[in-house]
Amino acid sequence: MTSRFTIWKAIPEVQEALSRLSAVAGRGVEPSLKELVQLRASQINRCAYCVDMHSKDARAAGEREERLALVAAFDDAPDLFTEKERAALALTEAVTVLTDGFVPDAVYERAAAHFDERELAQLIATIAAINAWNRLNVAARVEGGHYRPGRSGGGD
């Protein structure tokens, strides 16, 4: 698979706008949780660039390899993820997949039990932003494997 075109060179204004959205949305989300949420959405969306980016950024920030390996099975690893993290990751899956066309009440209420209204809004906005990055990168087939931690561009 090769990239179809360099999407971020074609529309740098969109990259700048998404970067601002991601920064504002994520201000109230714990950095480690933000990386896990972005990684999980990127896995679901099969965005190689963003999976590469968020796993490397999480590692660089001190995230344990064991947790990164099991983020896709977070609810089956309660000793590795707090209930708050599992609620945020369940919300990530629900917002990303929208299987029933909406986020189920039980998933929303699970997250709302751990986040105040502003934090929940920021978490949902963070999930929406990473989904936008994922969809643009996947449509252009932006390749993964070349990201260096702390460098932005082509993803979040």
Side-chain angles (χ1 to χ4, degrees), residues 1-4 6-9 11-12 14-99 103 107 110-111 114-115 119-156:
M1 178 190 81
T2 58
S3 293
R4 292 180 171 157
T6 308
I7 191 167
W8 305 115
K9 287 182 182 174
I11 53 167
V14 171
Q15 183 178 23
E16 292 166 14
L18 275 175
S19 291
R20 285 191 308 273
L21 171 62
S22 294
V24 171
R27 277 191 193 135
V29 181
E30 296 168 26
S32 61
L33 181 59
K34 182 178 177 184
E35 290 301 333
L36 293 174
V37 161
Q38 292 177 128
L39 175 58
R40 185 64 193 122
S42 299
Q43 290 171 334
I44 293 166
N45 290 321
R46 299 182 56 174
C47 181
Y49 186 89
C50 293
V51 167
D52 185 38
M53 170 188 266
H54 296 294
S55 62
K56 287 177 178 175
D57 281 349
R59 262 186 217 98
E63 187 59 70
R64 294 185 350 236
E65 198 64 40
E66 184 178 36
R67 284 170 40 98
L68 292 175
L70 290 171
V71 73
F74 63 89
D75 259 337
D76 295 321
D79 292 341
L80 294 178
F81 299 96
T82 67
E83 176 52 33
K84 181 178 181 178
E85 289 170 330
R86 292 194 319 270
L89 290 165
L91 184 63
T92 300
E93 289 185 351
V95 170
T96 299
V97 178
L98 291 175
T99 304
V103 173
V107 173
R110 180 180 180 188
H114 298 280
F115 299 92
E119 291 170 330
L120 190 56
Q122 289 176 302
L123 179 60
I124 292 168
T126 296
I127 296 165
I130 191 60
N131 273 281
W133 284 111
N134 291 164
R135 282 155 173 73
L136 291 164
N137 283 330
V138 168
R141 288 196 175 165
V142 177
E143 296 178 19
H146 307 289
Y147 178 78
R148 288 187 177 73
R151 186 190 85 195
S152 214
D156 166 12

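Across Ala111 and Leu120, no two heavy atoms sit closer than the pair CB-CD1, 3.9 Å. Of all the heavy atoms in Leu39 and Val51, the pair that sits closest is CD1-O, 3.8 Å. Looking at every heavy atom in both residues, Ala72 comes nearest to Gln43 through CB-OE1, 3.8 Å. Of all non-hydrogen atoms in Ala41 and Asn131, the two that sit nearest each other are CB-ND2, 4.2 Å. Contact between Asp57 and Pro149 at its shortest, heavy atoms only, is OD1-CA, 3.1 Å. Annotation for Asp52 and Gly144: closest pair OD2-C, 3.9 Å, computed over non-hydrogen atoms.
Arg59 has no carboxylate O lying under 4.0 Å from a charged side-chain N of Glu63, or vice versa, which leaves the two without a salt bridge. The residues Arg40 and Asp75 are annotated as not salt-bridged, no charged nitrogen and carboxylate oxygen being separated by less than 4.0 angstrom.
No hydrogens or angles considered: nothing links the side chains of Asn134 and Tyr49 as a donor-acceptor pair under 3.5 Å.
Side-chain N or O atoms of Ser22 include none that pairs as donor or acceptor with a backbone N or O of Ser19 at under 3.5 Å. A donor-acceptor pair under 3.5 Å is formed between the side chain of Lys56 and the backbone N or O of Tyr147.
Between Ile130 atom CD1 and Thr92 atom OG1 the span is 10.5 Å, to the nearest 0.5 Å. From Asn45, atom CG reaches atom CG of Asn137 across 10.5 Å, with rounding to the nearest 0.5 Å. In this structure, SG in Cys47 is found 10.5 Å from CH2 in Trp133, a value given to the nearest 0.5 Å. Rounding to the nearest 0.5 angstrom, the gap separating the CG atom in Leu33 from the CD atom in Glu35 is 10.0 Å. Considering CZ of Phe74 and OG1 of Thr82, their distance stands at 11.5 Å, rounded to 0.5 Å. Atom CG in Leu80 sits 10.0 Å away from atom CZ in Arg86 (nearest 0.5 Å).
For the salt bridge (charged side-chain N to carboxylate O under 4.0 Å, His left out) test, residues two or more places apart in sequence or in another chain that qualify with Glu30 are Lys84. Looking at residues two or more places apart in sequence or on another chain, you find no salt bridge (charged side-chain N to carboxylate O under 4.0 Å, His left out) involving Arg135.
Looking at heavy atoms from C-beta onward, Glu85 lies in side-chain contact with Arg67 at the 4.5 angstrom threshold. In this structure, the side chains of Gln38 and Met53 stay at 4.5 Å or more apart for every pair of heavy atoms. Residues Trp8 and Leu18 meet the side-chain proximity criterion, which asks for heavy atoms closer than 4.5 Å.
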For the pair Val142 and Leu136, evaluate side-chain contact (heavy atoms from CB on, under 4.5 Å) and give the outcome as yes or no after the intermediate values. CA-CA 9 Å; Val142 177; Leu136 291 164; over 6 Å; no

Give the C-alpha distance, both sets of side-chain angles, the deciding distance and a yes or no for side-chain contact (heavy atoms from CB on, under 4.5 Å) between Val37 and Val29. CA-CA 10 Å; Val37 161; Val29 181; 5.8 Å; no

